[in-house]
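Notes follow the structure.
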Amino acid sequence: MKLTINGIKDRESWAKAGIQLPGYDVEETAKKAKEAPKWVHFGIGNIFRIFIGGIADGLLEEGILDRGLTCVETFDYDVVDKIYEPFDNLGLSVILHGDGTREYKVLGSLAEAVKAMSSDAAKWNRLKEIFSSPSLQMVSFTITEKGYALQKADGAWFPFVESDIKNGPDHAVGAMAIVTAMLYERYKAGKYPLALVSMDNCSQNGAKLRESVLTMTEEWKKAGFVDDGFAAYVSDERIISFPWTMIDKITPRPSEQIAEDLEKLGVEDMQPVITGKRTYIAPFINAEKPQYLVIEDSFPNGRPALEKGFGVYMADRETVNLSERMKVTVCLNPVHSATGPLGVALGYDLFAHMLNTDEDMMKMARMVAYDEGLPVVPNPGILSPKEFVDELFNDRFPNEYLGDTNLRLAVDVSQMVGIRFGETIKAYVAKYGDASRLTAIPLGIAGWLRYMLGVDDAGNKYELAPDPMNEEIQEQLKDIVVGKPETFTDQLKPILSNERIFFVDIYTTGLGEKIETMFREMLAGPGAVKATVHKYVGGR
(Lines give C-alpha, C1' and ligand atoms only; values in the text may rest on other atoms or scores of the structure.)
Protein backbone atom coordinates (compact mmCIF):
# COMPACT_ATOMS: atom_id res chain seq x y z
CA MET A 1 0.00 0.00 0.00
CA LYS A 2 1.33 3.42 -0.96
CA LEU A 3 0.39 6.61 0.86
CA THR A 4 -0.59 8.44 -2.33
CA ILE A 5 -3.83 9.55 -3.97
CA ASN A 6 -3.77 6.48 -6.22
CA GLY A 7 -2.65 4.24 -3.36
CA ILE A 8 -5.63 5.01 -1.14
CA LYS A 9 -8.06 4.12 -3.93
CA ASP A 10 -7.53 0.47 -2.91
CA ARG A 11 -9.79 0.98 0.09
CA GLU A 12 -10.09 -2.72 0.90
CA SER A 13 -6.38 -3.18 1.66
CA TRP A 14 -6.30 -0.20 3.99
CA ALA A 15 -9.44 -1.37 5.78
CA LYS A 16 -7.85 -4.82 6.30
CA ALA A 17 -4.81 -3.12 7.84
CA GLY A 18 -7.09 -1.22 10.26
CA ILE A 19 -6.28 2.19 8.78
CA GLN A 20 -9.15 4.61 8.27
CA LEU A 21 -9.21 6.54 4.98
CA PRO A 22 -10.70 10.00 4.30
CA GLY A 23 -14.47 9.90 3.87
CA TYR A 24 -14.37 12.97 1.60
CA ASP A 25 -13.01 13.62 -1.88
CA VAL A 26 -9.38 14.58 -1.20
CA GLU A 27 -8.73 15.77 -4.76
CA GLU A 28 -11.85 17.95 -4.81
CA THR A 29 -11.08 19.58 -1.44
CA ALA A 30 -7.51 20.26 -2.62
CA LYS A 31 -8.79 21.78 -5.87
CA LYS A 32 -11.12 24.14 -4.00
CA ALA A 33 -8.31 25.22 -1.67
CA LYS A 34 -6.03 26.00 -4.61
CA GLU A 35 -8.71 27.99 -6.41
CA ALA A 36 -9.98 29.95 -3.40
CA PRO A 37 -7.86 29.38 -0.27
CA LYS A 38 -9.48 29.98 3.11
CA TRP A 39 -6.90 28.72 5.58
CA VAL A 40 -3.12 29.00 5.20
CA HIS A 41 -0.65 27.59 7.68
CA PHE A 42 3.05 28.42 8.19
CA GLY A 43 5.33 25.79 9.73
CA ILE A 44 4.20 22.45 8.36
CA GLY A 45 5.92 19.91 10.61
CA ASN A 46 4.64 17.24 12.99
CA ILE A 47 2.41 19.22 15.36
CA PHE A 48 0.72 20.99 12.47
CA ARG A 49 0.00 17.85 10.50
CA ILE A 50 -1.56 15.80 13.29
CA PHE A 51 -3.20 18.59 15.30
CA ILE A 52 -4.22 21.42 12.96
CA GLY A 53 -4.39 19.07 9.95
CA GLY A 54 -6.32 16.63 12.14
CA ILE A 55 -8.86 19.29 13.15
CA ALA A 56 -9.35 20.25 9.49
CA ASP A 57 -9.66 16.56 8.58
CA GLY A 58 -12.42 16.13 11.17
CA LEU A 59 -14.28 19.20 9.87
CA LEU A 60 -13.98 17.87 6.30
CA GLU A 61 -15.34 14.48 7.41
CA GLU A 62 -18.40 16.20 8.91
CA GLY A 63 -18.96 18.45 5.88
CA ILE A 64 -18.32 21.56 8.00
CA LEU A 65 -15.26 22.47 5.90
CA ASP A 66 -15.26 22.09 2.13
CA ARG A 67 -11.59 22.68 1.28
CA GLY A 68 -8.19 21.72 2.63
CA LEU A 69 -5.36 23.73 4.11
CA THR A 70 -2.64 25.57 2.21
CA CYS A 71 0.68 24.55 3.79
CA VAL A 72 3.58 27.03 3.66
CA GLU A 73 7.17 26.31 4.71
CA THR A 74 9.62 29.16 5.32
CA PHE A 75 12.50 27.32 6.98
CA ASP A 76 13.08 23.67 6.05
CA TYR A 77 12.25 23.03 2.40
CA ASP A 78 13.30 19.37 2.71
CA VAL A 79 9.99 18.82 4.50
CA VAL A 80 8.13 19.64 1.28
CA ASP A 81 10.49 17.59 -0.90
CA LYS A 82 10.66 14.50 1.32
CA ILE A 83 7.35 14.35 3.20
CA TYR A 84 4.72 16.25 1.23
CA GLU A 85 5.40 15.81 -2.49
CA PRO A 86 6.26 12.06 -2.53
CA PHE A 87 3.01 11.30 -0.66
CA ASP A 88 0.69 13.67 -2.56
CA ASN A 89 0.40 15.80 0.61
CA LEU A 90 -1.27 12.97 2.53
CA GLY A 91 -0.32 12.28 6.14
CA LEU A 92 -0.89 9.24 8.35
CA SER A 93 -2.05 10.05 11.88
CA VAL A 94 -1.10 7.55 14.60
CA ILE A 95 -2.79 8.20 17.95
CA LEU A 96 -1.04 6.42 20.84
CA HIS A 97 -3.12 5.42 23.85
CA GLY A 98 -1.67 4.67 27.28
CA ASP A 99 -2.83 1.03 27.09
CA GLY A 100 -0.73 0.44 23.96
CA THR A 101 -3.56 0.58 21.44
CA ARG A 102 -3.37 2.85 18.39
CA GLU A 103 -5.73 4.67 16.02
CA TYR A 104 -4.58 4.96 12.39
CA LYS A 105 -6.11 7.55 10.03
CA VAL A 106 -5.00 8.92 6.66
CA LEU A 107 -5.29 12.72 6.64
CA GLY A 108 -6.36 14.30 3.35
CA SER A 109 -6.72 17.85 4.61
CA LEU A 110 -3.31 19.15 3.45
CA ALA A 111 -4.24 20.56 0.05
CA GLU A 112 -1.06 22.21 -1.19
CA ALA A 113 2.53 22.60 0.01
CA VAL A 114 4.31 25.83 -0.94
CA LYS A 115 7.95 26.73 -0.38
CA ALA A 116 8.12 30.40 0.59
CA MET A 117 11.18 31.14 -1.54
CA SER A 118 11.59 34.71 -2.77
CA SER A 119 14.55 33.42 -4.84
CA ASP A 120 12.18 31.25 -6.92
CA ALA A 121 9.84 33.45 -8.98
CA ALA A 122 7.20 30.76 -9.57
CA LYS A 123 6.94 29.81 -5.88
CA TRP A 124 7.00 33.44 -4.75
CA ASN A 125 4.28 34.39 -7.23
CA ARG A 126 2.14 31.47 -6.07
CA LEU A 127 2.40 32.74 -2.50
CA LYS A 128 1.41 36.21 -3.68
CA GLU A 129 -1.65 34.75 -5.46
CA ILE A 130 -2.71 32.97 -2.28
CA PHE A 131 -2.42 36.10 -0.13
CA SER A 132 -4.13 38.28 -2.73
CA SER A 133 -7.22 36.06 -2.67
CA PRO A 134 -10.28 37.76 -1.08
CA SER A 135 -11.45 34.31 0.11
CA LEU A 136 -8.51 33.92 2.53
CA GLN A 137 -9.78 34.12 6.12
CA MET A 138 -6.97 32.98 8.36
CA VAL A 139 -3.25 32.27 8.45
CA SER A 140 -2.12 30.10 11.35
CA PHE A 141 1.43 29.43 12.57
CA THR A 142 3.45 26.70 14.28
CA ILE A 143 6.95 28.02 13.62
CA THR A 144 8.16 27.73 17.27
CA GLU A 145 8.81 30.72 19.49
CA LYS A 146 12.14 31.49 17.84
CA GLY A 147 10.33 31.96 14.51
CA TYR A 148 9.02 35.32 15.75
CA ALA A 149 12.37 36.55 17.10
CA LEU A 150 14.01 39.43 15.27
CA GLN A 151 16.72 40.29 17.79
CA LYS A 152 19.51 38.48 19.62
CA ALA A 153 19.83 38.49 23.42
CA ASP A 154 21.92 41.67 23.24
CA GLY A 155 19.20 43.50 21.27
CA ALA A 156 20.99 43.45 17.91
CA TRP A 157 19.15 42.24 14.79
CA PHE A 158 19.80 38.66 13.73
CA PRO A 159 21.88 38.84 10.51
CA PHE A 160 19.05 37.44 8.37
CA VAL A 161 16.66 40.04 9.80
CA GLU A 162 19.14 42.80 9.03
CA SER A 163 19.27 41.52 5.43
CA ASP A 164 15.47 41.34 5.23
CA ILE A 165 15.17 44.95 6.41
CA LYS A 166 17.79 46.11 3.93
CA ASN A 167 16.57 44.08 0.94
CA GLY A 168 12.83 44.73 1.25
CA PRO A 169 9.65 42.70 0.62
CA ASP A 170 10.64 41.20 -2.73
CA HIS A 171 13.69 39.48 -1.26
CA ALA A 172 12.33 38.37 2.11
CA VAL A 173 13.91 35.27 3.66
CA GLY A 174 12.89 35.10 7.33
CA ALA A 175 9.38 34.04 8.35
CA MET A 176 8.34 37.43 9.72
CA ALA A 177 9.60 39.26 6.63
CA ILE A 178 7.81 36.77 4.36
CA VAL A 179 4.52 37.21 6.24
CA THR A 180 4.84 41.01 6.16
CA ALA A 181 5.68 40.91 2.44
CA MET A 182 2.57 38.82 1.79
CA LEU A 183 0.42 41.21 3.82
CA TYR A 184 1.77 43.96 1.57
CA GLU A 185 0.55 41.98 -1.47
CA ARG A 186 -2.87 41.63 0.17
CA TYR A 187 -2.94 45.37 0.87
CA LYS A 188 -2.11 46.20 -2.74
CA ALA A 189 -4.68 43.68 -4.03
CA GLY A 190 -7.58 45.29 -2.19
CA LYS A 191 -6.81 45.91 1.49
CA TYR A 192 -8.67 42.69 2.33
CA PRO A 193 -9.06 41.78 6.02
CA LEU A 194 -7.33 38.73 7.53
CA ALA A 195 -6.64 36.95 10.85
CA LEU A 196 -3.05 35.94 11.63
CA VAL A 197 -3.29 33.22 14.27
CA SER A 198 -0.15 32.13 16.10
CA MET A 199 -0.63 28.63 17.49
CA ASP A 200 2.84 28.42 18.99
CA ASN A 201 3.60 27.47 22.54
CA CYS A 202 4.43 30.91 23.92
CA SER A 203 2.81 33.48 26.12
CA GLN A 204 0.62 36.05 24.35
CA ASN A 205 1.66 34.54 21.03
CA GLY A 206 -0.63 36.82 19.03
CA ALA A 207 1.05 39.89 20.53
CA LYS A 208 4.49 38.48 19.67
CA LEU A 209 3.46 37.88 16.06
CA ARG A 210 1.89 41.34 15.81
CA GLU A 211 4.96 43.04 17.27
CA SER A 212 7.26 41.32 14.78
CA VAL A 213 5.03 42.17 11.79
CA LEU A 214 4.71 45.80 12.90
CA THR A 215 8.48 46.02 13.47
CA MET A 216 9.22 44.72 9.95
CA THR A 217 6.61 47.13 8.57
CA GLU A 218 8.12 50.08 10.42
CA GLU A 219 11.66 49.24 9.25
CA TRP A 220 10.49 48.88 5.63
CA LYS A 221 8.57 52.13 5.90
CA LYS A 222 11.73 53.90 7.10
CA ALA A 223 13.60 52.44 4.12
CA GLY A 224 10.88 53.50 1.67
CA PHE A 225 9.72 50.00 0.69
CA VAL A 226 6.14 50.44 1.99
CA ASP A 227 3.89 53.45 2.55
CA ASP A 228 1.96 54.92 5.49
CA GLY A 229 -1.25 53.34 4.20
CA PHE A 230 0.21 49.85 4.57
CA ALA A 231 1.41 50.62 8.10
CA ALA A 232 -2.11 51.78 8.99
CA TYR A 233 -3.60 48.62 7.39
CA VAL A 234 -1.52 46.13 9.41
CA SER A 235 -1.86 48.21 12.60
CA ASP A 236 -5.68 48.15 12.57
CA GLU A 237 -6.81 44.95 14.34
CA ARG A 238 -10.30 45.43 12.91
CA ILE A 239 -8.70 44.66 9.52
CA ILE A 240 -5.62 42.56 10.34
CA SER A 241 -6.19 40.73 13.63
CA PHE A 242 -3.70 38.72 15.66
CA PRO A 243 -5.80 36.39 17.85
CA TRP A 244 -4.11 34.85 20.87
CA THR A 245 -4.24 31.07 21.35
CA MET A 246 -3.31 28.29 23.73
CA ILE A 247 -2.26 25.00 22.12
CA ASP A 248 -1.54 21.66 23.77
CA LYS A 249 -0.86 18.23 22.33
CA ILE A 250 2.23 16.18 23.11
CA THR A 251 3.71 15.26 19.74
CA PRO A 252 7.03 13.41 19.96
CA ARG A 253 9.42 12.75 17.10
CA PRO A 254 8.27 9.97 14.76
CA SER A 255 9.00 6.51 16.14
CA GLU A 256 11.07 4.04 14.13
CA GLN A 257 9.12 1.23 15.79
CA ILE A 258 5.85 2.66 14.45
CA ALA A 259 7.44 2.95 11.00
CA GLU A 260 8.33 -0.76 11.15
CA ASP A 261 4.86 -1.69 12.38
CA LEU A 262 3.21 0.26 9.55
CA GLU A 263 5.45 -1.41 6.98
CA LYS A 264 4.52 -4.82 8.45
CA LEU A 265 0.87 -3.84 7.90
CA GLY A 266 1.78 -3.28 4.25
CA VAL A 267 2.25 0.50 4.07
CA GLU A 268 5.37 1.29 2.03
CA ASP A 269 8.12 3.86 2.65
CA MET A 270 7.26 4.84 6.22
CA GLN A 271 10.79 5.36 7.56
CA PRO A 272 11.48 8.70 9.33
CA VAL A 273 13.96 11.15 7.85
CA ILE A 274 16.22 13.74 9.45
CA THR A 275 16.50 16.73 7.16
CA GLY A 276 19.60 18.83 6.62
CA LYS A 277 18.16 21.31 9.15
CA ARG A 278 17.68 18.54 11.72
CA THR A 279 13.92 18.28 11.43
CA TYR A 280 12.82 14.80 12.54
CA ILE A 281 9.82 13.91 10.40
CA ALA A 282 8.12 10.97 8.70
CA PRO A 283 5.16 10.27 6.38
CA PHE A 284 3.23 9.41 9.56
CA ILE A 285 2.82 11.49 12.74
CA ASN A 286 2.52 9.92 16.19
CA ALA A 287 0.94 11.74 19.13
CA GLU A 288 -1.30 11.41 22.15
CA LYS A 289 -5.09 11.67 21.90
CA PRO A 290 -5.78 14.63 24.26
CA GLN A 291 -5.57 18.05 22.67
CA TYR A 292 -6.55 21.59 23.56
CA LEU A 293 -6.72 24.64 21.33
CA VAL A 294 -8.23 27.80 22.83
CA ILE A 295 -8.58 30.59 20.24
CA GLU A 296 -9.50 34.24 20.66
CA ASP A 297 -12.54 34.76 18.45
CA SER A 298 -11.31 37.71 16.35
CA PHE A 299 -11.61 37.03 12.61
CA PRO A 300 -12.33 40.14 10.50
CA ASN A 301 -12.84 38.16 7.26
CA GLY A 302 -14.94 35.37 8.79
CA ARG A 303 -13.67 31.93 9.74
CA PRO A 304 -14.35 28.20 9.52
CA ALA A 305 -16.53 26.70 12.28
CA LEU A 306 -13.42 25.93 14.34
CA GLU A 307 -15.37 25.37 17.55
CA LYS A 308 -16.75 22.16 16.01
CA GLY A 309 -13.23 20.71 15.84
CA PHE A 310 -12.04 18.19 18.43
CA GLY A 311 -10.51 19.98 21.44
CA VAL A 312 -11.15 23.51 20.11
CA TYR A 313 -12.57 26.28 22.31
CA MET A 314 -13.41 29.78 21.02
CA ALA A 315 -13.08 32.45 23.70
CA ASP A 316 -12.18 36.07 24.45
CA ARG A 317 -8.59 37.26 24.80
CA GLU A 318 -8.54 37.22 28.60
CA THR A 319 -9.76 33.60 28.73
CA VAL A 320 -7.13 32.58 26.16
CA ASN A 321 -4.45 34.38 28.15
CA LEU A 322 -5.45 32.66 31.39
CA SER A 323 -5.63 29.24 29.65
CA GLU A 324 -2.20 29.76 28.13
CA ARG A 325 -0.71 30.95 31.41
CA MET A 326 -2.20 27.90 33.12
CA LYS A 327 -0.54 25.52 30.68
CA VAL A 328 2.70 27.27 29.73
CA THR A 329 3.66 28.80 33.06
CA VAL A 330 2.37 26.16 35.49
CA CYS A 331 0.83 22.89 34.41
CA LEU A 332 2.70 21.29 31.52
CA ASN A 333 5.60 23.17 29.94
CA PRO A 334 7.46 24.05 33.17
CA VAL A 335 7.45 20.34 34.09
CA HIS A 336 8.98 19.50 30.71
CA SER A 337 11.61 22.26 30.90
CA ALA A 338 12.52 21.56 34.54
CA THR A 339 12.90 17.80 34.20
CA GLY A 340 13.72 17.17 30.50
CA PRO A 341 17.27 18.62 30.38
CA LEU A 342 17.94 17.20 33.85
CA GLY A 343 16.77 13.82 32.54
CA VAL A 344 19.35 13.98 29.75
CA ALA A 345 22.07 14.70 32.31
CA LEU A 346 20.82 11.76 34.39
CA GLY A 347 21.04 9.44 31.38
CA TYR A 348 17.31 8.87 30.83
CA ASP A 349 16.14 8.67 27.23
CA LEU A 350 12.33 8.62 27.61
CA PHE A 351 10.50 11.21 29.68
CA ALA A 352 7.65 8.90 30.75
CA HIS A 353 10.04 6.08 31.68
CA MET A 354 12.04 8.51 33.84
CA LEU A 355 8.93 9.64 35.75
CA ASN A 356 7.62 6.08 36.06
CA THR A 357 10.87 4.65 37.46
CA ASP A 358 12.66 7.51 39.27
CA GLU A 359 10.77 8.45 42.41
CA ASP A 360 12.73 11.67 42.90
CA MET A 361 12.13 12.90 39.37
CA MET A 362 8.40 12.21 39.69
CA LYS A 363 8.38 14.10 43.00
CA MET A 364 10.21 17.01 41.38
CA ALA A 365 7.77 17.07 38.45
CA ARG A 366 4.79 17.09 40.84
CA MET A 367 6.39 19.84 42.94
CA VAL A 368 6.80 22.08 39.87
CA ALA A 369 3.12 21.78 38.99
CA TYR A 370 1.16 21.07 42.17
CA ASP A 371 3.25 22.68 44.93
CA GLU A 372 4.86 25.66 43.21
CA GLY A 373 2.68 26.44 40.19
CA LEU A 374 -0.97 25.83 41.11
CA PRO A 375 -0.98 28.19 44.14
CA VAL A 376 -0.27 31.21 41.90
CA VAL A 377 -2.12 30.31 38.68
CA PRO A 378 -5.41 32.08 37.85
CA ASN A 379 -8.35 29.91 36.77
CA PRO A 380 -9.37 30.48 33.12
CA GLY A 381 -12.89 29.19 33.76
CA ILE A 382 -13.27 27.01 30.67
CA LEU A 383 -10.56 24.60 31.92
CA SER A 384 -9.79 23.67 35.53
CA PRO A 385 -6.05 23.97 36.33
CA LYS A 386 -6.24 21.21 38.95
CA GLU A 387 -8.10 18.83 36.59
CA PHE A 388 -5.64 19.70 33.79
CA VAL A 389 -2.67 18.79 36.01
CA ASP A 390 -4.43 15.64 37.25
CA GLU A 391 -4.94 14.48 33.66
CA LEU A 392 -1.26 15.13 32.92
CA PHE A 393 0.02 13.06 35.84
CA ASN A 394 -2.64 10.34 35.71
CA ASP A 395 -2.86 9.78 31.95
CA ARG A 396 -0.53 11.84 29.77
CA PHE A 397 2.90 12.02 31.38
CA PRO A 398 3.04 8.28 32.27
CA ASN A 399 2.21 7.20 28.67
CA GLU A 400 5.44 5.42 27.65
CA TYR A 401 3.94 4.53 24.27
CA LEU A 402 4.34 8.17 23.26
CA GLY A 403 8.09 7.66 23.24
CA ASP A 404 8.69 11.32 24.09
CA THR A 405 12.38 11.91 24.79
CA ASN A 406 14.06 14.17 27.30
CA LEU A 407 16.32 15.41 24.52
CA ARG A 408 13.27 16.73 22.61
CA LEU A 409 12.18 18.54 25.75
CA ALA A 410 15.62 20.20 25.87
CA VAL A 411 15.19 21.83 22.43
CA ASP A 412 15.26 25.66 22.56
CA VAL A 413 14.95 25.83 26.35
CA SER A 414 16.80 29.17 26.40
CA GLN A 415 13.90 30.66 24.42
CA MET A 416 11.31 29.37 26.88
CA VAL A 417 12.63 29.63 30.46
CA GLY A 418 11.41 33.21 30.80
CA ILE A 419 7.80 32.17 30.30
CA ARG A 420 7.94 28.70 31.82
CA PHE A 421 9.73 29.73 35.03
CA GLY A 422 9.94 33.53 35.04
CA GLU A 423 6.19 34.12 35.36
CA THR A 424 5.86 31.91 38.45
CA ILE A 425 9.01 33.43 39.96
CA LYS A 426 7.58 36.93 39.42
CA ALA A 427 4.24 35.83 40.93
CA TYR A 428 6.05 34.64 44.07
CA VAL A 429 7.97 37.92 44.32
CA ALA A 430 4.70 39.84 44.01
CA LYS A 431 2.99 37.65 46.61
CA TYR A 432 5.76 37.07 49.15
CA GLY A 433 8.41 39.71 48.43
CA ASP A 434 10.83 37.14 47.00
CA ALA A 435 10.79 33.63 45.47
CA SER A 436 13.10 31.96 47.98
CA ARG A 437 10.47 29.40 49.03
CA LEU A 438 10.65 27.79 45.57
CA THR A 439 12.73 24.62 45.30
CA ALA A 440 11.82 22.53 42.25
CA ILE A 441 11.89 25.45 39.79
CA PRO A 442 15.39 26.66 40.78
CA LEU A 443 16.49 23.02 40.76
CA GLY A 444 15.19 22.79 37.17
CA ILE A 445 17.10 25.93 36.16
CA ALA A 446 20.29 24.58 37.77
CA GLY A 447 19.65 21.27 36.01
CA TRP A 448 19.27 22.97 32.63
CA LEU A 449 22.59 24.80 33.09
CA ARG A 450 24.25 21.55 34.25
CA TYR A 451 22.84 19.86 31.12
CA MET A 452 24.46 22.62 29.02
CA LEU A 453 27.90 21.24 30.01
CA GLY A 454 27.26 18.27 27.69
CA VAL A 455 28.46 15.63 30.18
CA ASP A 456 26.05 13.24 31.91
CA ASP A 457 26.01 12.10 35.53
CA ALA A 458 28.25 9.12 34.69
CA GLY A 459 30.82 11.31 32.93
CA ASN A 460 29.77 10.49 29.35
CA LYS A 461 29.57 13.24 26.74
CA TYR A 462 26.38 13.87 24.74
CA GLU A 463 25.27 16.22 21.99
CA LEU A 464 23.02 19.08 23.02
CA ALA A 465 19.57 19.49 21.52
CA PRO A 466 19.26 22.43 19.07
CA ASP A 467 19.03 25.83 20.77
CA PRO A 468 19.97 29.24 19.33
CA MET A 469 21.91 30.08 22.52
CA ASN A 470 23.93 26.86 22.76
CA GLU A 471 27.20 28.41 21.60
CA GLU A 472 26.80 31.56 23.68
CA ILE A 473 26.01 29.66 26.89
CA GLN A 474 28.66 27.00 26.33
CA GLU A 475 31.24 29.73 25.80
CA GLN A 476 30.19 31.28 29.11
CA LEU A 477 30.52 27.90 30.88
CA LYS A 478 33.60 26.60 29.05
CA ASP A 479 35.96 26.71 32.05
CA ILE A 480 33.68 24.65 34.30
CA VAL A 481 34.80 21.03 34.64
CA VAL A 482 32.46 18.29 35.88
CA GLY A 483 34.10 16.68 38.90
CA LYS A 484 35.93 19.89 39.81
CA PRO A 485 33.46 22.22 41.58
CA GLU A 486 36.30 24.68 42.22
CA THR A 487 36.26 25.54 38.48
CA PHE A 488 32.84 27.12 39.04
CA THR A 489 33.15 30.73 40.18
CA ASP A 490 30.79 33.37 38.81
CA GLN A 491 30.09 31.98 35.32
CA LEU A 492 26.29 31.82 35.86
CA LYS A 493 25.91 35.50 36.73
CA PRO A 494 25.62 36.86 33.15
CA ILE A 495 23.02 34.16 32.36
CA LEU A 496 20.87 34.33 35.49
CA SER A 497 20.86 38.14 35.49
CA ASN A 498 19.88 38.37 31.80
CA GLU A 499 16.33 39.70 31.72
CA ARG A 500 16.04 38.84 28.03
CA ILE A 501 16.29 35.17 29.03
CA PHE A 502 14.28 35.05 32.28
CA PHE A 503 12.26 38.30 31.97
CA VAL A 504 13.66 39.12 35.40
CA ASP A 505 17.11 39.35 37.00
CA ILE A 506 17.08 36.08 38.96
CA TYR A 507 19.37 37.57 41.62
CA THR A 508 16.73 40.16 42.53
CA THR A 509 14.23 37.37 43.29
CA GLY A 510 16.23 35.61 46.01
CA LEU A 511 17.00 32.60 43.79
CA GLY A 512 20.36 33.44 42.20
CA GLU A 513 22.57 32.09 44.98
CA LYS A 514 20.24 29.12 45.52
CA ILE A 515 20.61 28.09 41.85
CA GLU A 516 24.39 28.59 42.04
CA THR A 517 24.54 26.30 45.11
CA MET A 518 22.48 23.59 43.41
CA PHE A 519 24.59 23.86 40.26
CA ARG A 520 27.84 23.60 42.27
CA GLU A 521 26.53 20.48 44.04
CA MET A 522 25.77 18.89 40.66
CA LEU A 523 29.46 19.23 39.70
CA ALA A 524 30.87 17.12 42.55
CA GLY A 525 31.51 14.02 40.38
CA PRO A 526 29.73 10.88 39.15
CA GLY A 527 26.24 10.61 40.63
CA ALA A 528 26.26 14.22 41.85
CA VAL A 529 23.24 15.24 39.76
CA LYS A 530 21.15 12.38 41.13
CA ALA A 531 22.33 13.09 44.68
CA THR A 532 21.48 16.80 44.33
CA VAL A 533 17.97 16.07 43.08
CA HIS A 534 17.44 13.64 45.96
CA LYS A 535 18.74 16.17 48.49
CA TYR A 536 16.17 18.78 47.50
CA VAL A 537 13.10 16.65 46.74
CA GLY A 538 13.72 13.21 48.27
CA GLY A 539 12.25 13.95 51.66
CA ARG A 540 8.99 15.29 50.29
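Values below: all heavy atoms of this structure, side chains included; hydrogens, waters and symmetry mates excluded. Counting begins at 1 with the first residue of the sequence.
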| task | Check whether any side-chain N or O of Asn356 sits under 3.5 Å from a backbone N or O of Ala352 as a donor-acceptor pair, and report yes or no. | result | yes
| remark: CG of Leu69 to CG of Leu107, rounded to nearest 0.5 Å, is 10.0 Å
| query | Who are the side-chain contact (heavy atoms from CB on, under 4.5 Å) partners of Pro334, not counting sequence neighbours? | reply | Val368, Arg420, Phe421
| message | Go through it in stages, so that I can follow the logic: the residues are Tyr507 and Glu516, the test is side chain to side chain donor-acceptor pair (under 3.5 Å), and I'd like the CA-CA distance, side-chain angles, deciding distance and then a yes or no. | response | CA-CA 10 Å; Tyr507 291 95; Glu516 287 187 0; 2.5 Å; yes
| ring pair (Phe, Tyr, Trp, His ring centres under 6.0 Å) contacts in which one or both residues fall within residues 336-379, not counting sequence neighbours | His336-Phe351, His336-Phe397, Phe351-Phe397, Tyr370-Phe393
| query | Below 4.5 Å, heavy atoms only, C-beta onward: do Lys327 and Leu383 meet side chain to side chain? | reply | no
| Could you give the distance from CG (Leu443) to OG1 (Thr532), rounded to the nearest 0.5 Å? | 8.0 Å
| query | Does Phe42 have any ring pair (Phe, Tyr, Trp, His ring centres under 6.0 Å) partners at least two apart in sequence or in another chain, and if so, which? | reply | Phe141
| said: Would you say that more than 12 heavy atoms from the other residues, nucleotides or ligands in this model lie under 6.0 Å from the CD of Gln257, or not? | reply: yes
| Distance-minimising heavy-atom pair for Leu196 and Pro243 | O-CD, 3.2 Å
| query | Got more than 12 heavy atoms from elsewhere within 6.0 Å of NZ, Lys493? | reply | yes
| Considering residues, nucleotides and ligands other than Glu486, do more than 12 of their heavy atoms fall under 6.0 Å from its CD? | yes
Using a 3.5 Å cut-off and no angle test, enumerate the donor-acceptor pairs between side-chain atoms of residues 304-315 and protein atoms at least two apart in sequence or in another chain.
{"unit_1": "Glu307", "atom_1": "OE1", "unit_2": "Arg303", "atom_2": "NH1", "d": "2.7"}
{"unit_1": "Glu307", "atom_1": "OE1", "unit_2": "Arg303", "atom_2": "NH2", "d": "3.2"}

In residues 91-100, what donor-acceptor pairs under 3.5 Å come from side-chain atoms, sequence neighbours left out?
{"unit_1": "His97", "atom_1": "NE2", "unit_2": "Glu103", "atom_2": "OE2", "d": "2.8"}
{"unit_1": "Asp99", "atom_1": "OD1", "unit_2": "Thr101", "atom_2": "N", "d": "3.0"}
{"unit_1": "Asp99", "atom_1": "OD1", "unit_2": "Thr101", "atom_2": "OG1", "d": "2.6"}

| note | Residues Met326 and Pro385: closest non-hydrogen pair is SD-CA, 3.5 Å
Run the side-chain donor-acceptor check on residues 338-346: report pairs under 3.5 Å with partners two or more places apart or on a different chain.
{"unit_1": "Thr339", "atom_1": "OG1", "unit_2": "Val335", "atom_2": "O", "d": "2.6"}

| field | Evaluation steps, side chain to side chain donor-acceptor pair (under 3.5 Å), between Asp76 and Thr275 | value | CA-CA 8 Å; Asp76 193 343; Thr275 70; 2.5 Å; yes
| Is the His41 ring parallel, tilted or perpendicular to the Phe48 ring (thresholds 30°, 60°)? | parallel
| query | Take atom CD in Glu391; do more than 12 heavy atoms of anything else shown fall under 6.0 Å from it? | reply | yes
| Can a salt bridge be assigned to the pair Lys152 and Glu472 using a cut-off of 4.0 Å between side-chain N and carboxylate O? | no
| Side chains of Pro252 and Asn286: does their closest heavy-atom pair fall under 4.5 Å? | yes
| request: Report yes or no: is the cationic atom of Lys277 (NZ for Lys, CZ for Arg) closer than 6.0 Å to the six-membered ring centre of Phe75, at no more than 45° off its axis? | output: yes
| Check: Asp390 main-chain N/O paired with Asn394 side-chain donor or acceptor under 3.5 Å | yes
| task | For the pair Lys208 and Asp200, find out whether any cationic side-chain nitrogen is under 4.0 Å from an anionic carboxylate oxygen. | result | no
| note | Correct closest heavy-atom pair for Gln476 and Pro494 would be NE2-CG, 3.3 Å
| message | Tell me if a side-chain donor or acceptor on Glu372 pairs with a main-chain N or O of Ala440 at a distance below 3.5 Å. | response | yes
